[in-house]
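Have a look at this one before I ask anything.
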Amino acid sequence: MAEDSELWYVICDGPFIPTKTIGEPVVTIPKTIKEFNVTDRKAVEKNFRAKKIFICDIGPDEYNRISACQSAKEIWEALQTKHDGTTQVKQTKIDMLTSEYEFFRMKDDESIQDMHTRFTSIINELHSLGEIIPKNKLVKRILSVLPGS
């Protein structure tokens, strides 16, 4: 994120919640807004800034999906689930794309450029899902499907 790299940590880890310790035995509890110091306010503000970025960059349909979220992390997780699916859905996508990769063949009426574009699309989708195939295997695979001529 170009805006502020610390915003990404808020999105991944959740918002900062200022706390204080009280009593015997010692117990940690959240501070009230009146008890925030300058550092606390700046740290808490990062969650609001991250939420604002999400809200400004999505359409009305997406907004309805995330409007009840309290933190930027919740928004991120809701959007990830919507677009990437659950872990199970993601694994199914990976399995299907891996199968496409393994059974990839050049079509009879297809140019080498079109075949390469189709192959690259499969590889890019796998990469976006976290499945990375080493370059040497990609080269071997593409060479194996090229026609003898």
Side-chain angles (χ1 to χ4, degrees), residues 1-107 110-111 113-142 145:
M1 248 179 199
E3 173 106 4
D4 186 342
S5 62
E6 290 181 22
L7 292 181
W8 184 244
Y9 301 127
V10 170
I11 291 167
C12 293
D13 301 333
F16 172 76
I17 300 170
T19 58
K20 64 181 180 180
T21 54
I22 60 166
E24 283 294 325
V26 176
V27 178
T28 302
I29 62 169
K31 290 181 181 179
T32 65
I33 293 174
K34 291 179 182 177
E35 296 173 312
F36 287 8
N37 59 33
V38 174
T39 306
D40 293 337
R41 289 184 201 290
K42 286 183 179 180
V44 168
E45 185 181 286
K46 296 216 182 281
N47 183 58
F48 293 108
R49 288 178 51 209
K51 282 176 59 176
K52 178 182 166 190
I53 290 169
F54 279 127
I55 290 167
C56 289
D57 288 340
I58 61 174
D61 293 337
E62 296 287 352
Y63 180 78
N64 289 334
R65 184 177 321 287
I66 58 98
S67 61
C69 295
Q70 297 297 310
S71 69
K73 180 178 181 161
E74 288 178 44
I75 292 172
W76 178 248
E77 289 170 350
L79 292 172
Q80 272 189 310
T81 300
K82 162 68 169 79
H83 294 280
D84 290 344
T86 62
T87 306
Q88 211 172 13
V89 171
K90 185 177 176 181
Q91 188 57 52
T92 301
K93 286 180 184 178
I94 290 170
D95 292 344
M96 287 176 20
L97 289 164
T98 301
S99 180
E100 276 187 61
Y101 166 78
E102 289 171 353
F103 295 107
F104 186 83
R105 297 282 178 260
M106 185 172 178
K107 297 175 183 173
E110 189 173 41
S111 71
Q113 182 62 42
D114 290 342
M115 181 265 310
H116 184 265
T117 300
R118 203 165 46 87
F119 185 77
T120 303
S121 177
I122 294 168
I123 300 311
N124 288 344
E125 284 187 62
L126 279 168
H127 185 78
S128 74
L129 293 168
E131 270 313 287
I132 299 164
I133 301 171
K135 285 202 187 275
N136 63 336
K137 284 189 174 186
L138 295 175
V139 171
K140 285 180 185 177
R141 185 79 197 118
I142 202 105
V145 300

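The structure presented is a predicted model; accordingly, all values stated were derived computationally and were not measured.
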Could you walk me through whether Lys20 and Ile29 pass the side chain to side chain contact (heavy atoms under 4.5 Å, CB included) check?
CA-CA 6 Å; Lys20 64 181 180 180; Ile29 62 169; 3.5 Å; yes
Looking at Asn47 and Ala72, would you say the former's side chain and the latter's main chain have a donor-acceptor pair under 3.5 Å?
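Between the backbone of Ala72 and the side chain of Asn47 there is a qualifying donor-acceptor contact (under 3.5 Å).
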Is there a donor-acceptor pair under 3.5 Å between the side chain of Ser99 and the backbone N or O of Asp95?
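Side chain of Ser99 to backbone of Asp95, a donor-acceptor pair under 3.5 Å: no, none is there.
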Quick one, Phe119 with Leu138, criterion side chain to side chain contact (heavy atoms under 4.5 Å, CB included). Give me CA distance, side-chain angles, the key distance, then yes/no.
CA-CA 9 Å; Phe119 185 77; Leu138 295 175; 4.0 Å; yes
Can you tell if the side chain of Ile55 reaches within under 4.5 Å of the side chain of Ile66, non-hydrogen atoms only?
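The answer is yes, as the side chains (C-beta and beyond) meet within the 4.5 Å cut-off.
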Would you find a donor on one side and an acceptor on the other, under 3.5 Å apart, between the side chain of Arg141 and the backbone of Tyr101?
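Yes.
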Considering non-hydrogen atoms only, spot the tightest contact between Asn64 and Ser67 and give its length.
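The answer is O-OG, 3.6 Å.
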Once you round to the nearest 0.5 Å, how far does CG of Leu7 lie from SG of Cys12?
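Reported value, rounded in 0.5 Å steps: 11.0 Å.
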Any side-chain heavy-atom pair from Arg41 and Ile33 closer than 4.5 angstrom?
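Counting from C-beta outward, Arg41 and Ile33 do come under 4.5 Å.
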Heavy-atom check, side chain of Phe104 versus side chain of Arg118, under 4.5 Å:
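They are in contact (side-chain heavy atoms under 4.5 Å apart), so the answer is yes.
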If I take atom CD1 from residue Ile53 and atom CD1 from residue Ile75, how far apart are they, to the nearest 0.5 angstrom?
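Result: 10.5 Å between the selected atoms.
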Start with the C-alpha gap between Lys73 and Asp13, add the side-chain angles, then the distance that decides, and say whether salt bridge (charged side-chain N to carboxylate O under 4.0 Å, His left out) holds.
CA-CA 7 Å; Lys73 180 178 181 161; Asp13 301 333; over 6 Å; no
Using atom types as modelled and distance alone, determine if a side-chain donor or acceptor of Thr81 lies under 3.5 Å from a backbone N or O of Glu77.
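Checked: pair present.
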Test item: Glu110 side-chain N/O and Lys107 main-chain N/O as donor-acceptor pair under 3.5 Å
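The answer is yes, because a donor-acceptor pair under 3.5 Å joins these two groups.
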Answer yes or no: does atom CZ of Phe48 have more than 12 heavy-atom neighbours from other residues, nucleotides or ligands under 6.0 Å?
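No, the 6.0 Å shell around CZ holds no more than 12 heavy atoms from other groups.
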For Thr32 and Glu35, which I'm curious about, is there any donor-acceptor pair between the side chains at under 3.5 Å?
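Glu35 and Thr32 do have a side-chain donor-acceptor pair below 3.5 Å.
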Assess the residue pair Asp114 and Ser111 against the criterion (side-chain hydrogen bond (donor to acceptor under 3.5 Å, both in side chains)); give the C-alpha distance rounded to whole Å, side-chain angles, the decisive distance to 0.1 Å, and a yes or no.
CA-CA 5 Å; Asp114 290 342; Ser111 71; 3.3 Å; yes
Are Tyr9 and Phe16 close enough, and set up right, to give a side chain to side chain contact (heavy atoms under 4.5 Å, CB included), and what steps lead you there?
CA-CA 10 Å; Tyr9 301 127; Phe16 172 76; over 6 Å; no
Say you draw a straight line from CG of Asp57 to CD of Glu62; how long is it, rounded to the nearest 0.5 Å?
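Interatomic distance, Asp57 CG to Glu62 CD, rounded to 0.5 Å: 11.5 Å.
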Can you name the closest pair of heavy atoms from Glu131 and Ile94 and give their distance?
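In this case the closest contact between Glu131 and Ile94 is CG-CG2, 3.2 Å.
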When rounded to the nearest 0.5 angstrom, what is the spacing between CD in Glu100 and CD1 in Ile123?
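Here the rounded value is 10.0 Å.
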Is the closest side-chain heavy-atom distance between Lys93 and Leu126 below 4.5 Å?
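With C-beta onward as the side chain, the pair stays apart.
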Could you give the distance from NE2 (His127) to OG1 (Thr120), rounded to the nearest 0.5 Å?
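So the NE2 of His127 and the OG1 of Thr120 are separated by 13.0 Å.
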Going from CD on Gln70 to NZ on Lys51, what distance comes out if it is rounded to the nearest 0.5 angstrom?
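Spacing of CD (Gln70) from NZ (Lys51) equals 5.5 Å.
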